[in-house]
Protein chains: 2
Amino acid sequence: MAVTIREVASAAGVSVSTVSRAFTAPDQVQPTTRRRILDAAAELGYSPNPAARSLRGGGTGTLGLIVPDIANPFFPPIIKAMQARARHLGYTVLVADSDEREADELAAIAAVSKRVDGLILWASTLTEGRLHELAGQMPLVVVNRHVPGIPEVRISLSAGIAQAAEQLKAYGHRRCVFINASRAELSRGKSIQESFKALDLSLSELGPYEPRFETGVHAATLVAAHDATAVIAHNDLVALGVLHQMANLGMSVPRDVSVIGIDDTLLASVSTPSLTTIRIDPEEIATRAGDLLIETIARTTGRAGQGLEVHSPFVEIGSRLIPRASTGPAPAH
Amino acid sequence: MAVTIREVASAAGVSVSTVSRAFTAPDQVQPTTRRRILDAAAELGYSPNPAARSLRGGGTGTLGLIVPDIANPFFPPIIKAMQARARHLGYTVLVADSDEREADELAAIAAVSKRVDGLILWASTLTEGRLHELAGQMPLVVVNRHVPGIPEVRISLSAGIAQAAEQLKAYGHRRCVFINASRAELSRGKSIQESFKALDLSLSELGPYEPRFETGVHAATLVAAHDATAVIAHNDLVALGVLHQMANLGMSVPRDVSVIGIDDTLLASVSTPSLTTIRIDPEEIATRAGDLLIETIARTTGRAGQGLEVHSPFVEIGSRLIPRASTGPAPAH
DNA sequence: CTCCTCTATGAAAACGTTCCCGCAATTTCA
DNA sequence: TGAAATTGCGGGAACGTTTTCATAGAGGAG
């Protein structure tokens, strides 16, 4: 059915070895023969069979990406960016989601692991032991998870948080609420508390809840009880819940209360009022994670020690505040 | 590195042929040997190498899905649902996006076509000729596109549109506006006009524009000029633009004007007010498209004429109105 | 009891590539 | 100019499976 290397070889009057070299090691074949081969290949519409190639040991040319939830609006731009980056580097990306359950994550890994050269695991639910085991079997990069010895991409919200605190301070807010929905690096780090403390802002923490719209709706009613004038939500979705409930309560945003989201998803830019949020750049994270995985693959393959380009297996992605219409001066009390 | 069929064979004391059969044709091997093989395989952690399998001719076990834009919130739930369905059927899904440009679509197809058993093309930008050419090379299913002779999944908005018209009629609306952003089946079909005409509602069409938030913002200012009390937008995103601008103009939704979206994306359920929209069920469309492709693959493989199960290569997906808070009684004039 | 039909299994070819080896022709160097 | 090194190319094995074909044994019919 499909045209094989053999047909190209006979069409160009050379052996299959030479055709193979013409593609994979162009400088090992004489320019004139090479051109003849490439022409023949183009005319016949030949392209190498990835299955045969990877069977022979050349890798699959595919990167695996496992995210908690494809439908979470935070991820599609990242997936898209990683696809673009990978294609540019000659790779394809195979995406699956874990639904944040260990069983599903294992199923997803099983489904893709034999088809990819390496895996990016986002917020993996697996134990350290399992992750190390997996890392022993194939190149691995974890995102939003720290496991000693495994290459890691980390998202740091501290810059964005600090900017948010500054903005709120400048607007005259004094008492704020943080709606926590168990985002690891938020609940774990003390950086939010510290950022606010440093500016003499009081910050009460609500939760942890589930990261859902309804969480924001529910938490909004508690804000007034805390006598707070500003809310930082676990993510944009929760922030929209807050916005929604504030409207129901007859409160105006940002006149009566300021609201800040996290992630800068599409939701933030299309809400009414548009949502001030802490942006994590999807392109940057996709690029860095993809590149880190490809490096790790290269190192495993053995093409390593050819230079000093042994990057640290730890990459940090920053964040920054995107001011929009949901934040404003604190109401006079 | 990885454990092969040969190791399982020697561990179980049988030949590789028998191991292969134990997996692919379980009833051709004696129960006792089969169990022995399965046990050995489980203990060694064996799973067949997909590359070798597909090289031998058994297909890749992967479905290709090419959508216009992964980041469009309409698609992630569909991708997710198709992944789930496919995994259930023993397949994996490889997703790519075309960015609605022919060059990118061709690049995406080139990148995935050799790795999949068949392709689902969503709103393809390719010419009929190219599509037929492609369909000659591999199993193909098109969605939101009609090409004679190619299996097709079609989304029909007529039911949802009719329900929307009924609701608006019941609420006492008389003059409506439709914001068109070149969605093929909307601009092409006269069904919207007909649905509204049938209920004696006037419907003005704006556009066509690009399907963006700003389109809604822009169009909203024109609605008043049309003396209309209800707006149907090309999709939820555009509808949110309308919502946004109405708030800016000091108009209240739904008190002054009713707004209806299309697609029932996440956006619709989290906006303020929540958006009445026409829902297209992502699970249904994913399931039907996936199943149709798998059928087409099976037919191509030759496993066809074993029954009368030759379904029509044409599937229609319905729609329905999801009433939420953005529609209400027309204002007394 | 013999012959024939099944059934369960093994041996080996084939899928399309890559890459190691070997060979010839050419180039380099003393 | 002769030997050595280099270059360009072909032959063939190997990757891990599936599947055809062959074979040995079991069981049934006559």
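Letters A, B, ... mirror the listed sequences (proteins, then strands); counts begin at 1.
- In this model, a side-chain donor or acceptor of B:Arg21 finds a partner on the base of C:dG10 within 3.5 Å.
- A salt bridge does not link B:Arg101 with B:Glu105: none of the charged nitrogens is closer than 4.0 Å to a carboxylate oxygen.
- The side chain of B:Asn49 approaches D:dG16 more closely than any other nucleotide in the set D:dC9, C:dT17, D:dG16.
- Picking from C:dA14, D:dG12, D:dC9 the nucleotide with the shortest atom distance to the side chain of B:Arg56 gives C:dA14.
- In terms of position on DNA chain C, the residue among B:Pro31 and B:Lys114 whose nearest nucleotide sits closer to the 5' end is B:Pro31.
- Of the candidates C:dT18, D:dC9, D:dT17, the closest approach to any side-chain atom of A:Gln30 belongs to D:dC9.
- Which of D:dC9, C:dG16, D:dT17 sits closest to the side chain of B:Leu55 comes down to C:dG16.
- If you check distances only, the side chain of A:Arg34 never reaches the base of D:dG8 with a donor-acceptor pair under 3.5 Å.
- Between the CD1 atom in B:Ile297 and the CG atom in B:Asp117 there is a gap of 5.0 Å [rounded to 0.5 Å].
- One N or O donor and one acceptor, one from the side chain of A:Ser17 and one from the base of D:dG12, sit under 3.5 Å apart.
- Residue B:Ser54 is classed as having no contact, given no heavy-atom separation below 4.0 Å to the nucleic acid.
- One finds the CE atom of B:Met138 at 9.0 Å from the CD1 atom of B:Ile109 (value rounded to the nearest 0.5 Å).
- Side-chain atoms of A:Arg53 lie closest to C:dT18 of the nucleotides D:dT17, C:dT18, C:dT9.
- Along DNA chain C, the nucleotide closest to B:Arg36 and the one closest to A:Ser20 are compared, and the more 5′ of them pairs with B:Arg36.
- Among the atoms of the strands shown, only primed sugar atoms or phosphate atoms (P, OP1, OP2) are found under 4.0 Å from some heavy atom of B:Tyr46.
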For this session: I would like to know whether A:Ser20 and A:Ser17 meet side chain to side chain donor-acceptor pair (under 3.5 Å); could you show each step before the answer?
Result: CA-CA 5 Å; A:Ser20 175; A:Ser17 322; over 6 Å; no
